[in-house]
Structure formats: C-alpha cells, structure tokens
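In this chain, residues are counted from 1 in sequence order. These values consider heavy atoms only, across backbone and side chains, with no hydrogens, waters or symmetry-generated copies. Note that the structure is predicted; figures quoted are calculated from it, not measured.
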Amino acid sequence: MCATCGCGPESHHHHGHDHTHASGKKIVEVEKDILHENNLLAQRNRGFFEGRNILALNLVSSPGSGKTSLLERTLTDMKGELSFAVIEGDQQTTNDADRIHATGTKVTQINTGKGCHLDAHMVLHAVQGMKLEADSVLFIENVGNLVCPAMFDLGEAERVVVISVTEGEDKPLKYPDMFHSSTLCIINKIDLLPYVRFDVDKAKQYARQVNPSLEIIELSCMSGEGMTAWYEWLKSKVLQPA
C-alpha cells in the first residue's frame, strides 16, 4: 500500500473477521485534504520556476518504459545547448540518479519509500537544495506508475507521458487520467517494433480518444530514430531569457 495515498491491493483486503470499515465519505475527505495542500505547494513551485524562467517537465510512465534512458541520451546529445537539472523519483535505490550523474548533470534523488508518486512538497524540498540556474530546464522523473502521479500537480509547466512498444497499446484507455493530463506522449523503443505485437496507430488513436490535443512523438533512445523531433519539441518549450 502507498504510504501517502493508500492505493494498492491491500486497500481491498479480505479477512475472516467482522468489523466496521471506514465509510467512503471519510476516505474522500482525506484525499481532498491531501490534494488541497499539494496544490497550494505546487502553485508555490510553479511561481518559483516561472520567476527564474525554468522549464519544469514532469516525466511519467509505467516502470520500464525508458524514462531514464531518454534522459541520459537527451542530456548527452544536448549538452552545451541548454542548461539541465534533474530530480529523480524512485521508491528505493539511487540507480537512476547515478546514471544521470554520470552525464555530468546536476541531479537530486528522492526516495519515496512506500510512496507510489512524487508530490509538490517533495519537489519543493529538492529544489531548495539544488541552486537551479535561471533560464534552464528541470526534468522531474516521477515514480514509475500510471495511476497516482496523475493526481499530483508538482508545479510543472508540462507533463510528458512515456510508453513503450513492449507494453499494451491500450494503456491510454486503461489509465486515461494520465493521458488526459499530459501534453506530450512519447512512444519509446520503436526499434523493437519488428519483434513485438504493438499497433502504433491504435495506440495513437486511443491516446487521442482520451486527449484530442495530445502531441505524440515516436522515438528510440537506442537507435536515435525520432530523437530530433523530441529535441525540437523541447527547444520550442524553453522560455526565452528575461
């Protein structure tokens, strides 16, 4: 079970004794309080980013879609063109942060423990210790999860959802909140299309069924195909220096 929002299979447990569970009304009230506080802090984060011309991007996906690989290649290929920093979110280990650090990019790791997502409070504290440059790009790699991260505004300017061809093309229909709240969908690992059963056209159709204005880029971090489109999208979002 997530220690923050309480999601997970344990929340629907079965056992052999009788007792009264908390009513649905109480659960909704707790959720409302969590989101209210989070949204206030997210606005604070957003004001900080906008005041310094920092483009904050929240990268979300299921586990294994290739977010970290996408960042590694982006940070390496665009080194010298833009100034980057990264906040890494994961439940355990510093493995992803170590990979980002190896590219020479400033990175801060947030371990959520049993938590299934980052929230605005975590990002606030991470940013306070990073001394971010003005006119830069901040990538926030969220915990691999297509459900709860959709609920939590971190103060980002854009939310980017990453899926890969090794997953089902119906992900947008199964997790609509994430795709509805994102502005860009990256379909990763297209170099594997000859070896997997993944219908790109259906995936795009399902994604736009949920969010008609969603932009979609197909790419491969391994072969480099499609990366130019991602870089052009990124540069188009970077704020001009004040």
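- In plain terms, the two heavy atoms of Met227 and Cys221 that are nearest each other are SD-CA, 4.3 Å.
- Side-chain atoms of Thr183 and Glu158 include a donor-acceptor pair closer than 3.5 Å.
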Yes or no on side chain to side chain contact (heavy atoms under 4.5 Å, CB included) for His121 and Asn38, after CA distance, side-chain angles and deciding distance? CA-CA 7 Å; His121 189 253; Asn38 180 83; 6.0 Å; no
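- Within a 6.0 Å sphere centred on CD of Glu81, heavy atoms belonging to other residues, nucleotides or ligands number more than 12.
- Scanning all heavy atoms of the two residues, the minimum distance from Ala97 to Gln109 falls at CB-OE1, 3.0 Å.
- Linking ILVMFWY residues whenever their side-chain heavy atoms come closer than 4.5 Å, directly or via other members, leaves Val165 and Val160 in distinct clusters.
- Side-chain atoms of Arg159 and Leu154, non-hydrogen and from C-beta on, never get closer than 4.5 Å to each other.
- For the residue pair Ser83/Glu133, the side-chain donor-acceptor check at 3.5 Å is satisfied.
- Each of Val143 and Met151 belongs to its own hydrophobic cluster when Ile, Leu, Val, Met, Phe, Trp and Tyr are linked at side-chain heavy-atom distances under 4.5 angstrom.
- The CD atom of Glu88 lies 9.5 Å from the CG atom of Asp98; values are rounded to the nearest 0.5 Å.
- Of the possible donor and acceptor atoms, none in the side chain of Ser182 sits under 3.5 Å from a partner among the backbone N and O of Leu184.
- If you chain together hydrophobic residues whose side chains sit under 4.5 Å apart, Ile87 and Leu132 fall into the same group.
- If you take CG on Leu146 and NZ on Lys171, they are separated by 6.0 Å, rounding to the nearest 0.5 Å.
- No hydrogens or angles considered: a donor-acceptor pair under 3.5 Å links the side chains of Ser69 and Arg99.
- Note: Trp233 and Trp230 have parallel aromatic rings, judged against thresholds of 30 and 60 degrees for the angle between ring planes.
- Counting only N and O atoms by type, the side chains of Ser220 and Asp191 include a donor and acceptor under 3.5 Å apart.
- Smallest separation of non-hydrogen atoms from Gly64 and Lys189: O-NZ, 2.7 Å.
- Tracing side-chain contacts under 4.5 Å through hydrophobic residues (I, L, V, M, F, W, Y), one reaches Phe49 starting from Ile110; they form part of the same cluster.
- Asp153 and Asn39 share no side-chain donor-acceptor pair at under 3.5 Å.
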Could you go through residues 192-207 and list every donor-acceptor pair under 3.5 Å that involves a side-chain atom there, pairing it with any protein atom two or more places apart or in another chain?
residue: Asp199; atom: OD1; partner: Asp201; partner atom: N; Å: 3.1
residue: Asp199; atom: OD1; partner: Lys202; partner atom: N; Å: 3.0
residue: Lys204; atom: NZ; partner: Glu218; partner atom: OE2; Å: 2.9

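- A donor-acceptor contact closer than 3.5 angstrom links the side chains of Glu141 and Thr68.
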Using the side chain to side chain donor-acceptor pair (under 3.5 Å) rule, take Ser65 and Glu167 through it: C-alpha gap first, then chi angles, then the decisive distance, then the call. CA-CA 8 Å; Ser65 65; Glu167 305 168 50; 4.7 Å; no
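- With hydrogens and angles disregarded, no donor-acceptor distance shorter than 3.5 Å links the side chain of Asn111 to the backbone of Gly113.
- Side-chain heavy atoms closer than 4.5 Å link hydrophobic residues (I, L, V, M, F, W, Y) into clusters, and following such links, even through other members, never connects Ile186 to Phe179.
- A distance-only check finds a donor-acceptor pair linking the side chain of Arg73 to the backbone of Met222 [under 3.5 Å].
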Side chain to side chain donor-acceptor pair (under 3.5 Å) for Asp135 and Asn53? Distances and angles first, verdict last. CA-CA 5 Å; Asp135 310 317; Asn53 276 351; 3.2 Å; yes
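- Remark: the backbone N or O of Thr103 is paired with a side-chain donor or acceptor of Lys79 at under 3.5 angstrom.
- For the atom pair CG (Asp119) and OG1 (Thr112), the distance works out to 9.5 Å, reported to the nearest 0.5 Å.
- Nearest heavy atoms, Ala229 versus Ile217: O-CD1, 3.7 Å.
- Side-chain N/O atoms of Asn142 and Asn58 include a donor and acceptor closer than 3.5 Å.
- Taking CD of Gln128 as the reference point, atom CG of Asn45 lies at 9.0 Å (rounded to 0.5 Å).
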Mind running side chain to side chain contact (heavy atoms under 4.5 Å, CB included) on Asn145 and Ser62 for me, showing each step along the way? CA-CA 5 Å; Asn145 178 359; Ser62 56; over 6 Å; no
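- Atom CE in Met122 sits 10.5 Å away from atom NE2 in His125 (nearest 0.5 Å).
- When all heavy atoms of Val210 and Pro176 are compared, the closest pair comes out as CG1-O, 3.3 Å.
- Remark: side-chain polar atoms of Glu72 are not paired, donor with acceptor, to backbone N or O of Leu70 under 3.5 angstrom.
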Determine, stepwise, if the pair Phe48 / Ile54 fulfils side chain to side chain contact (heavy atoms under 4.5 Å, CB included). CA-CA 8 Å; Phe48 174 81; Ile54 296 170; 4.2 Å; yes
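- The side-chain heavy atoms of Leu173 and Gln209, taken from C-beta on, include a pair separated by under 4.5 Å.
- Under 3.5 Å, the side chains of Thr94 and Asp96 contain no donor-acceptor pair of N or O atoms.
- A donor-acceptor contact shorter than 3.5 Å is absent between the side chain of Thr105 and the backbone of His101.
- Under the 3.5 Å distance criterion, the side-chain polar atoms of Lys106 are left unmatched by any main-chain donor or acceptor of Val86.
- Within a 6.0 Å radius of CZ in Arg44, other residues, nucleotides and ligands contribute 12 heavy atoms or fewer.
- Annotation: the span from Tyr175 atom OH to Asp170 atom CG amounts to 8.5 Å, rounded to 0.5 Å.
- A 4.5 Å side-chain heavy-atom check between Ile163 and Asn188 finds every atom pair outside the cut-off.
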